[in-house]
Amino acid sequence: MSTRIVSISPAFEDLMPNEYKELVENGPYGKDYKVTDLGKYKELIEEHPLCAGCGLALSLRLVLGSLPSPEDTVIVGSTGCSALVFPQVGLHNVHSLFGNQNAVASGIKRALSLRFPDQVKDVVVVAGDGATADIGLDMVMQSWFRREKIATIMLDNEAYANTGGQESGMSMEGTVMNMAPKGKVFPKADLPKVAEASGCAYVAAASPSRPGKLGKVVRRAILIAREVGPTYVQLLSPCPTNFKTKPSDTVVTIKTREKEKSFKQYEYISDDARSFLSALDEGKQSEGKKSEGKQP
Amino acid sequence: MTEKMSIRMSGLGGQGVVTAAHILGMAAYKDDLQVTVNPFFGAEKRLAPAESYVRIAQEPIYERGEILYPSLIMVFHPHVITMGKSYTMPFFDGLEAGGTILINSASALDLSEEERDNLAKLDAQVHYVPASEVAMEVSGTHLSTNIAMLGALYRIQQRPSLDALESAMVERFGGSKFVASGSTAALDDAVKEKFAKVSQMIEKNLEVIEKAGESMFQQTH
Amino acid sequence: MEPHRYKVVSGPEGFLPPAAASMGVALPEQGEGLIEGARVPAASALEEAATRLVNAKHPTFFPGPLILWNWKDGIAEKAQALKDLADTLGAKIIPMPDYRPKYPMINPEIEVNPNHPNLTIWHNKIDVCVFIGVHCHYANMALKIIRGGTDCCTIALCAEAGHEDAVISLRDFALADLHALTAAVNRLKARG
Amino acid sequence: MLQQQVRSPEYLFFEAEKKKQFLSGSEAVREAIRKANVDVAISYPITPQSESMHLVGDLFAEGYVKEYFRGENEFAVMSSVAGAAMAGVRVFTATGGPGTMRAFEMFPVWAGSRLPIVCAFLTRGINSPLTIQPDTIEMAFLLETGMLMLHAETAQDLHDMLLKAFIVAEKTDVHLPVGVFADGFFVTHTKEILHIADADSKLPPYDPHCAPVPAMDMESVPVRQMRDPFVMKSNFISYAAHASWQQEIEAAQERSRKHLERYLGGLVETEHEDAEVLLITSGTAVSQSREAMAICRKEGLSVGLVKIKSIRPFPSDELRRLAAGKYAVIVPELNRVGWLAKEIKARVDDPRRVIGAPRVFGGMTMPAHLIVDEIRRVLQ
């Protein structure tokens, strides 16, 4: 992007509210921040209206801190809790409808490739489990079938949280929730495997309990999507409100799930993606047309 | 030509009733006449009843859709009449008084007394042409039946002109520009295989047109 | 509905005022402006805007993203010209940096938001406000809300086709027009 | 591919020499899109539309359209074209009947997001039972989606309206989707004579910086921009924001009148408008009405015709004036519900004089004599 869109007309510099001045002076645009740099700069999220202890808010903050080129990233969201955050995010982002995020993203990606053929334009989908695995699954999978160069990130809180705690395809079997009053009768959908079979070049499951790892997989997913093909990242992001856990226990919840083996980190890298990554490691190939020298 | 020609072509799917309508329409267009062409709007299936419609006039044509009141009916297969393979029953339904019927058959069909009466009341001119036989004999394929039917029509109407018919056929079979639906396009390929060259095919078709015209006979009911 | 009789005047017009376009008010053609919904020569609209600004108690400019952010050549000059105009008038400048519905709420002292522009107008007791550099969709949305709930007179200086929902609107508004407006203000002030 | 020169819309529409061609409606779509300088076209098959988007695919293969693919279903296609339009390019798609219904949730989003998408709706009936035949009932559902709706009578209309639709859709003061409707089969699959400009000219490209909303490309201000956000429920005044937003869409429709009048030569077209009985209709029902009018006038009956070209915005003032003092207004329609008659009745001074008949549906042709019968019945 032309960084001019985050520079203030000189005549108005004194008048701009502080948060904008901070964004201009100390924002992440054109910098090379990684997830470990959080806290050192003005983040892309201003404030958010999500519940205390929200796993999704935690994931989202880490995702936004892991974008390799925030100045050239357009995010497509979907209906759900996360959509409440996006008005506060310092990027171009689209809320369209419930479930059509990957179809919208396909259109955006194709249009930006036409308009800016020599520039990096990352299109990243960030949506919940209902939007990704249930109502939008056909469009998610079809974007993978078509090998759309977009990264799809699921914020998996294992429920429809915004609508009041209904069971989703990603809920654990047996979970008693609204619309599953006798407990969910089928297992949690194995979407990473579906992604792999559908043509994703890179698939990962992670969680905000390990921010470094989350940052690494998100960054990889976006870089691989830029150069190789579609990618999918699933982030376990528990909902303390609907599962009635303590807001301070969100990370504990994830760690318990890991111990119980009902959640595990996972990473699949296709051969093409692997050679792309090793080329990056060896510094043989730049990450993209204009982000020379960044490491995955 | 002062009157509007409203032509209904009835046949079986695969016989080329839609193609015949397109060629006829294109020829009329080339003769600077006003013309519209449309098929019967249904799923295209081989051997199922198929209809197409051509309106030709000197004045602008507004009316659209199926022709309910034709001045001329072309029956591409006897089964349209004898086995009721048609969505329009009886086959002369809606024919204008004094209208013309052209049937593909080597011999006059055995029509019921009621049918003969009705045709007589309409003062219908009934012509027969052995179109399938002429097609086989001249071009070696029954796929030219539709062209034979156009030959017979030309003998009756004398228009559109032979030159226009020829150039319409060149346009239809010669280039890749023509838009045909999936299954019609597949049949086109079959036709093309029969002829090494399109020009040879056009030549044969012109011969079919001439021969068909010569082979016509009229039956009074 | 009585088309063409609808007058776009300062409110408060009521709970939910209609869009002026739906009441028969048409946008100005090139070389024209709007005063209270009536098409007039651009010069008249400019003069009227200057008059209202000079006579205002708390005139305020709401520069939008298209002029606040230095995103392309020519913007900085336009921004400076606007600043000069505001200084000439002793007017406030309250920026509209973006259009998001802001959470939890804006500080009406220092910013304006198209989803609730009335908060800023009430808080600062603004009686004449000027929209400039605001994308048309968001400007129209805000102008209606202002007409509905406040008594503020709205002026829209639009680089595109103009705004029926403003009390005074100019179209194709460029740097030269900004200078012309400043000149008109100075002339009126000199006259006293 | 022909070398094409960018020409002004005025040149292409009004000045360029028009040459005679014998084309089907689907081919007319192709010829319009060939000259429309379209960036992205996305397709999904449905009869009777499929052929149109096949041909647009051919244009992509030839290089006239820059990007093209088959989406997964109509809802997804309408979502993808929305994404492309938000990212600042000119888009085109087409659908009809059940496809329209499948996609429906996106149409109000198109308008609400101020997306200048042009979509050809090649209409057909709606299940159940299944039908692939012409019927204009889907238009009834689309009336209040915020899109502009033009109704073509012929392949010529379809061609001209599509090209003009892009220009009207993209006007800053309008910037709304435009649906160009043509009756399936009766227009799409009928070959007729058209007069159109050569393909060596094309429309100027779309300029996303003239849009009334920012493009989603991280190149446009402001950087913190969400399309299209919840109007936050935590804000007490959010209802007014949503209401004002909706009014703005309606206002944008109103603003399109001026442009449509200029490019279409009016929202209506009349013949013998002084007659005692007026036939008022749209689409191919106009063609059938022309035949009926000719028959009646030969018999000395005083019958005139009003062709409505734009359904949204609706020519309310024009129709109120035209219908005033008429003995009767007859509205033939190719659908069961008679949405056009309802629209007209709601606007004229004496709705009792408006007769919503004859109607055919489910794919039936409307013979001119049905309309003639209605005229005679009324005049008796």
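Proteins get letters first, then strands, A, B, ... in listed order; numbering begins at 1 in each. Just the heavy atoms: all of them, side chains too, but no hydrogens, waters or symmetry mates, feed the values below.
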Which atom of [X] lies closest to which atom of [Y], heavy atoms considered:
X        : Y        : value
D/Ala87  : A/Leu112 : CB-CD2, 3.9 Å
A/Asn100 : D/Ser79  : ND2-OG, 2.8 Å
A/Pro70  : D/Met218 : O-CE, 3.3 Å
A/Asp138 : D/Asn73  : OD2-ND2, 3.0 Å
D/Met216 : A/Val74  : O-CG2, 4.0 Å
A/Ile108 : D/Gly83  : CG1-O, 3.2 Å

Non-hydrogen atoms of chain A under 4.5 Å away: do they reach the side chain of [X], the backbone, both or neither?
X        : answer
D/Pro222 : backbone
D/Tyr68  : backbone
D/Ser113 : neither

CD-CZ distance between A/Gln88 and D/Arg224, expressed to the nearest 0.5 angstrom: 7.5 Å

From CZ (D/Arg227) to CG (A/Asn93), nearest 0.5 Å: 11.0 Å

Set of salt bridge (Lys or Arg N to Asp or Glu O under 4.0 Å) partners for D/Glu250, sequence neighbours left out: none

For residues 96-109 of chain D, tabulate all N or O donor-acceptor pairs below 3.5 Å that involve a side-chain atom, not counting sequence neighbours.
| residue | atom | partner | partner atom | Å |
| --- | --- | --- | --- | --- |
| D/Thr100 | OG1 | D/Gly97 | N | 3.4 |
| D/Thr100 | OG1 | D/Glu138 | OE2 | 2.6 |

Among the listed options [options], the residue most often paired with chain A at heavy-atom distances under 4.5 Å:
options                              : answer
D/Val77, D/Val221, D/Asp228, D/Asp39 : D/Asp228
D/Ala85, D/Ala82, D/Gly88, D/Gly71   : D/Gly88
D/Glu67, D/Met78, D/Arg70, D/Met86   : D/Glu67

Leading residue by heavy atom contact count with chain D [cutoff under 4.5 Å; candidates A/Leu44, A/Asn102, A/Val94]: A/Val94

Greatest number of heavy atom pairs closer than 4.5 Å to chain D - which of A/Ser106, A/Ser143, A/Gly107, A/Ser113: A/Gly107

Need one label for [X]: side chain, backbone, both or neither, based on atoms under 4.5 Å from any heavy atom in chain D.
X       : answer
A/Leu23 : side chain
A/Val89 : backbone
A/Leu91 : both
A/Thr73 : backbone

Min side-chain heavy-atom separation D/Glu72-A/Met141 under 4.5 Å: no

Whether D/Ser80 side chain and A/Ala103 backbone form a donor-acceptor pair below 3.5 Å: yes

Heavy-atom donor-acceptor pair, A/His92 side chain to D/Pro214 backbone, under 3.5 Å: no

Under-4.0 Å salt bridge between D/Glu219 and A/Lys121: yes

